[in-house]
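Indexing begins at 1, ligand by ligand and atom by atom, following the structure's order. Here, residue 1 is the first one in the sequence, and each next residue gets the next number.
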Amino acid sequence: MNIGQEILEILKEEITESEYKRYIKQLMYDVKKSTADVAIFYAPNALVVNWIKNKYTEKIEHLFEVKMTHKVHVKITLKNLTDLKKPKKVAEVKQGSSLLNPSLSFSNFMVGGSNQFAYAAVKSVSENPGNVYNPLFIYGGVGLGKTHLMQAAGNVFQNEGLTVIYTTVEQFLNDFTRSIRNNTMERFREKYRKCDVLLIDDIQFLSGKEGIQEELFHTFEAIKGNGNQIIFTADKHPKKIGGLEARLQSRFEWGLVADIQPPELETKIAIIKKKCEINKVQLSKEIVNYIATVIDSNVREIEGILSKLHAYSQLMHVDIDLEFTKNVLKDQMKEKRENLTMDAITEVVAKDLNIKPSEIRSKGRSKNIVYARRIAIYICRELTQNTMPQLAQYFGMKDHTAISHTLRKIAELIDNDEDFKVKIDELSNKITNIE
Ligand code: ADP
Ligand code: MG
């Protein structure tokens, strides 16, 4: 038995059997690379690495010290680089394709107070296209089920033999520009204006794009004129989307505008249970409740956690218990924060306030630019590890004193201006929900 194994054997006596089996037993001591002062252990995946680093490194170092009578530095690392690969999502939704995803159905959609209005509206449109609410406009935050509901209706229509087009604003725009370039506008118009149901996702991206707004306006008029159905989604109420042509904006509100709010606890629990059932993941009631309380709103994030739990438990051949879940969640939160960049933050703030990221980073002094810049600086300071000089450089300010002056000003605003504080909270939440 080598020294590394010996130490792990001693450790085994001091911890619970399940902890040992789950984590410590997975460690492999590298006899060749370890020296008198450095002990190297390999773990099979990042989760075990983190767990042991946080919980056992000191303990192992202590045991080495007792045994060797001098200090030994313990290193826990991944066995090889291929282990770094992230686990695949359990149920991967095809992105960027205009095809409907058949698994997004009404029966898979859990209804609660937060989404029952939107659900009822989409459901009734699906039963009576072109007649009840036309257009139907669904809006709400990221990952709250807008696309799911829209596609659920699309699937119903498609199963009834109707011609359904599901598209995002971006795809619609791409298709439009390609048609202009290839001289195939006629075909483009035939396709979008003659369908039975048109579903357009994420309308907020129309903001400031005039050419495509005009095209969409005429598409809308044609479809509505034929008595066919249109459904839109967006991340905010049509009134709050800036940079829209007035005639288009008003038409968004012609039919019914329904919102989706973040799910309350019970709905979250129901959603988690449903996702477990669909993905064949088994979780105890305690764990389901735990996840539901920790994740505040974004349902997509719940799915990410379930896939991670599932993947790790398969990798490590263990059941998912509460401690394991807590660790995976901690890991996920940390990862999310570490991946946040000032670019990403600035982009979200800019989009929300309808200005350009470059304006936020410019020296512009107009009121709305200063407002956006303050928010972006504050959130970057709170959510990233960047230093004051780095912030100054990024936001085009003279030096760190300029930043610290701005931060003081912002703190003052937060104390005295309720609207400002609400905006900061809203945007911080949005940003931490970025995937
Ligand atoms: P959005 O379009 O609002 O950003 P999505 O419709 O893409 O959000 O939803 C994100 C994920 O969460 C999807 O996988 C969806 O199935 C799931 N989801 C959201 N709300 C619900 C719900 N009420 N019941 C079941 N799944 C939900
Ligand atoms: Mg969506």
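Residue contacts with ligand 1 include Lys275, since one of its heavy atoms falls under 4.0 Å from the ligand. Residue Gly143 places a heavy atom less than 4.0 Å from ligand 1. Every heavy atom of Lys274 sits 4.0 Å or more from the atoms of ligand 1. Using 4.0 Å as the threshold, Gly112 has no heavy atom nearer than that to any atom of ligand 1.
Around atom 8 (O) of ligand 1, the closest heavy atom drawn from Pro262, Gly145, Ala234 belongs to Gly145. Nearest to atom 22 (C) of ligand 1 by heavy-atom distance, out of Asn108, Asp235, Ile271, Asp202, is Ile271. The closest non-hydrogen atom to atom 13 (C) of ligand 1, taken over Glu303, Glu301, Gln116, Met110, comes from Glu303.
For the pair Lys123 and Phe106, the cation sits on the ring face: its NZ or CZ lies under 6.0 Å from the ring centre, inside 45° of the axis.
For Thr233, every N, O or S atom stays at 2.8 Å or more from the Mg ion (ligand 2).
Between Phe252 and Phe137, the two ring planes are tilted [angle within 30° to 60°]. Between Tyr139 and His237, the ring-plane angle classifies as perpendicular under the 30° and 60° cut-offs.
Phe41 is linked by a ring-ring contact (aromatic ring centres under 6.0 Å, His included) to Tyr29, counting only residues two or more places apart in sequence or in another chain. Remark: Phe217 engages Glu221, Arg247, Leu248, Arg251 in a side-chain contact (heavy atoms from CB on, under 4.5 Å) (not counting sequence neighbours).
Residue-to-ligand polar distances place Leu144 within reach of ligand 1: an N/O pair is separated by less than 3.5 Å.
In this model, no donor atom of one side chain and acceptor atom of the other lie less than 3.5 Å apart for Asn155 and Ser105. No side-chain donor-acceptor contact under 3.5 Å links Thr168 and Asp201.
With a 4.0 Å cut-off on non-hydrogen atoms, Asn115 touches ligand 1 through its side chain and not its backbone. At a 4.0 Å heavy-atom cut-off, ligand 1 does not touch Leu149 at all.
Ring to ring, Phe205 and Phe172 are not that close: their centroids are 6.0 angstrom or more apart.
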